[in-house]
Amino acid sequence: MDWLGCLKAIVSLLPWVDSKATPHVVYPFKVGSNVNDMKEAIDRLIDLKKDVEIEIEEAKPVNSTPTNQIQGWLSRVQTIETESTDIVKKYQHLCRCIWDISPNLCSNYKISKRAAENRDKATVLCEEKSSINQVIMTLRPQGQEMPASSSKSSYLESVLQDVKTDVNGIIGIWGMGGVGKTHLLEQINNALCKEPSKDLASKVLVVHVECPKECNEEYIRDRIIEKLGMSKSNDMAVKKDNIYNFLKEKNFVILLDNLWRSVNLNTIGIPELKEAVTYKRKVVMTTRLEKVCRAMGVEKKVKLDILEWEAAWSLFEKNVSKETIDSHPEIRKCAMDVAKKLGGLPLALITVGKAMCDKEDLKEWEVAVKQLKQIRLRDVELSDEYTSVFKMLSFSYDSLKNEKLKQCFLHCSLWPEGSIIVKDDLVQLWMGLGMIDMPTLADDYDVGYSYIGTLQTVSLLEIVDNNTTKMHDVIHDMALWIANDKKEVMNKWIVGASAYERGQQIVISSDTEIVSVLHQEGNSFSIADNSTKLVTFRGIYNEGIQLELFSKLTFLDLSWSTLKDFPVEICNLMHLQFLNLSYLFIRLLFPEKIGNLTVGIQRNSGWPAAR
């Protein structure tokens, strides 16, 4: 290349060299303006950061946390804020200048260059914030508070202390029915849900599962998935893996209420409790049977005993009300006699206390003392223990104001133990059985809801929320005991377990009046006597039921059955007054023979007897 070509090449590079070199040349002479520009950009950025921090702080009470994107942005803002503070300090220290020119040009160059770079970074971060749409995200709830009595269990503090220790494992709470195990577990649940956490990593996930009598691993697995809001699957292995993967890197407490047999936690998907070093993992279970604690390998056992006299009297007095007890000089003495005969069992003290809360007639108290005179909870053998409990609790049933309300209460037991009962479904059951008979449908619902309120007031039903209710498991057993003429053999009213107890053998005898096996598939039915008195049937239909043999049926609920064709044998049930075929996919709903039922089916209070 000749000298002319070289010159042209050099000249062509001059604009590029000028654009790159000029800023570096002027850095030492623009240090003051660059630092000021940087401070203005940082101030705008800090204002944005403060707005974000206020939004995050306001969202804390609603279980929210900053998104990963905003956390990264805040981290970068903090970095540049720290760097800018350092630049300003160094500039103020070195600057001994006139007209923003320091004698130390080398230091000026470095500070000016860093200030210009930080100014540009701050501008970019301000623009980046405007592109972030979501500042906070809602967390999965670390637990859900439950309705619970305000009275505090005397065991709460000690058990909570065990739960909060760093030693992972199983805590077993055991004791007879009605002694307060469920109440204690609900209070543990609520205390843990309210426990403040320093950060997301320290949060403890709390999952509470109520276990019906025939509960198994599949039932618990499905309830955990439901509580965690996870996607459902029919594949048990997939469900197990989903639970395991969700819990394996979390602190958690699983609360299992009312276990009747041991369950395999690994089969459910709960990670091994003791192998975790960095995470807190606890399972707290309640059971009536100490042997279940042993079978589960419980590290810490807590036995709940009946109350000592002072605590028992305080609980009874609270539920009766001091006003009632002081309404007559002799009522206090009778009330103390009643409380003593209840033997310190919390559930009995509460239910009988509420049954007596409006009794200001001394005669009623004297009758109560007489009725309870033969019951000595402390003196009975284990085999008779629950019969004695039922006798005490049945005092509340006997105190209900009329026979209709008593029957409504007993029919609450037609749901499996531990079920959450939709109030509308319960009222419709009472209507279908003819227990509520008012002029209009609206009146029927008003009366039904008032019955539910009355039963909740005397603690024979429990409050869940505005739309649902439930029965304590001991109250449920007591209701079936009464319905079966206070006999141990339950063959008059047969109530199946949960849908997870499949393939049950249901024996319908000549004494059987009611069969309720809701949402259960695979059951087999055998009829011991063709002269059955069965009048009410609720369950999943299958070909083995032989409905034609139940000629006295007045109430038939086959909802949720997997029927494709209408069972024509229904048309021969001449006494039928209520028919529920909800949630079915029947190709032909009413064959011609349905006309045979017009004599039996009647309209009751605006509610169609056949539904």
Side-chain angles (χ1 to χ4, degrees), residues 176-179 182 210-214 258 260 288 342 345-355 371-372 375 384-423 425-430 432-436 448 451-464 468-498 511-518 535-539 555 557:
M176 66 179 297
V179 82
T182 294
E210 296 179 29
C211 306
K213 192 171 291 184
E214 291 77 11
N258 198 31
W260 283 82
R288 297 186 193 180
L342 295 176
L345 185 69
L347 183 61
L349 291 162
I350 291 169
T351 55
V352 175
K354 288 188 174 179
Q371 288 178 340
L372 293 166
I375 300 171
D384 297 323
E385 185 177 88
Y386 291 106
T387 300
S388 297
V389 171
F390 294 160
K391 286 179 180 178
M392 286 189 293
L393 295 176
S394 66
F395 180 87
S396 298
Y397 165 79
D398 293 333
S399 299
L400 293 174
K401 58 186 178 181
N402 59 57
E403 191 62 34
K404 188 171 287 188
L405 183 56
K406 290 179 181 179
Q407 286 300 310
C408 286
F409 162 70
L410 293 181
H411 282 79
C412 296
S413 67
L414 296 186
W415 274 262
E417 180 185 304
S419 296
I420 301 298
I421 305 172
V422 177
K423 290 181 180 179
D425 290 348
L426 181 56
V427 174
Q428 289 170 15
L429 172 72
W430 292 339
L433 290 168
M435 295 174 186
I436 302 178
Y451 282 178
I452 293 171
T454 299
L455 295 173
Q456 288 178 334
T457 298
V458 296
S459 292
L460 292 175
L461 285 180
E462 297 180 5
I463 298 172
V464 178
T468 59
T469 187
K470 62 176 290 193
M471 292 184 95
H472 188 284
D473 59 299
V474 179
I475 299 291
H476 182 274
D477 290 346
M478 183 265 289
L480 285 179
W481 175 73
I482 294 172
N484 284 277
D485 301 326
K486 301 183 179 180
K487 297 177 181 177
E488 291 185 13
V489 179
M490 306 284 182
N491 59 1
K492 186 177 178 181
W493 284 27
I494 299 174
V495 178
S498 69
D511 295 323
T512 304
E513 296 178 1
I514 293 178
V515 172
S516 182
V517 283
L518 293 178
V535 292
T536 299
F537 183 90
R538 306 171 77 216
F555 184 103
D557 181 354

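Treat the numbers as computed from the prediction; the structure is a model and nothing was measured. For the single chain, residues carry numbers from 1 onward in sequence order.
One distance of note links OG of Ser459 with CG of Leu393; it measures 10.5 Å at 0.5 Å rounding. Taking CE from Met435 and CZ from Phe409, the interatomic distance works out to 12.5 Å, rounded to the nearest 0.5 Å. Between the CD atom of Glu513 and the CG atom of Asn491 there is a distance of 10.0 Å, given to the nearest 0.5 Å. Taking CG of Leu410 as the reference point, atom CE of Met478 lies at 8.5 Å (rounded to 0.5 Å). How far CG of Asp477 is from NE2 of His472: 10.0 Å, rounded to the nearest 0.5 Å.
Between Leu426 and Tyr451, every side-chain heavy-atom pair lies at or beyond the 4.5 Å cut-off. The closest side-chain heavy-atom distance from Thr536 to Trp493 is not below 4.5 Å. Between His411 and Ile514 the shortest side-chain heavy-atom distance falls below 4.5 Å. Side-chain contact between Phe395 and Leu342 is absent, with no heavy-atom pair separated by less than 4.5 Å. The shortest side-chain heavy-atom distance between Val427 and Ile452 falls under the 4.5 Å cut-off. Under the 4.5 Å side-chain criterion, counting only non-hydrogen atoms from C-beta, Leu429 is in contact with Leu433. Using a 4.5 Å heavy-atom cutoff, the side chains of Phe390 and Val474 are in contact.
Checked by atom type and distance alone, the side chain of Asp511 never pairs as donor or acceptor with a backbone atom of Lys492 at under 3.5 Å. The backbone N or O of Pro212 sits nowhere less than 3.5 Å from a side-chain atom of Asn258 that would complete a donor-acceptor pair. At distances below 3.5 Å, at least one donor-acceptor pair connects side-chain atoms of Asn402 with backbone N or O atoms of Leu405.
Heavy atoms only, all atoms of each residue included: Pro346 and Gly178 are closest at CD-O, 3.4 Å. For the residue pair Leu414 and Ser516, the shortest heavy atom distance occurs at O-OG, 2.6 Å. Scanning all heavy atoms of the two residues, the minimum distance from Leu460 to Ile475 falls at O-CG2, 3.5 Å. When every heavy atom of Cys412 is checked against every heavy atom of Trp430, the shortest pair comes out as SG-CZ2, 3.8 Å. Shortest non-hydrogen contact noted between Lys354 and Thr457 is CD-O, 3.1 Å.
For the side chain to side chain contact (heavy atoms under 4.5 Å, CB included) test with Val458, the passing option among Leu400, Val352, Ile350 is Leu400; the others fail. None of Lys423, Glu462, Gln456 except one satisfies the side chain to side chain donor-acceptor pair (under 3.5 Å) rule with Thr469; the exception is Gln456. Between Lys470 and the choices Glu210, His476, Glu417, the side chain to side chain donor-acceptor pair (under 3.5 Å) rule is met once, by Glu210.
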Should Leu461 and Met471 be marked as a side-chain contact (heavy atoms from CB on, under 4.5 Å) after you check the CA-CA gap, both sets of side-chain angles, and the distance that decides it? CA-CA 5 Å; Leu461 285 180; Met471 292 184 95; 3.4 Å; yes
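Partners of Ala355 according to the side-chain contact (heavy atoms from CB on, under 4.5 Å) rule, which considers only residues two or more places apart in sequence or in another chain, are Ser396, Ser399. With sequence neighbours left out, Ile494 forms a side-chain contact (heavy atoms from CB on, under 4.5 Å) with Ile506, Thr512, Val515.
Asp473 has a carboxylate O that lies under 4.0 Å from a charged side-chain N of Arg288, or vice versa, which qualifies the two as a salt bridge.
Note on residues 395-409: no pairs pass salt bridge (Lys or Arg N to Asp or Glu O under 4.0 Å), not counting sequence neighbours.
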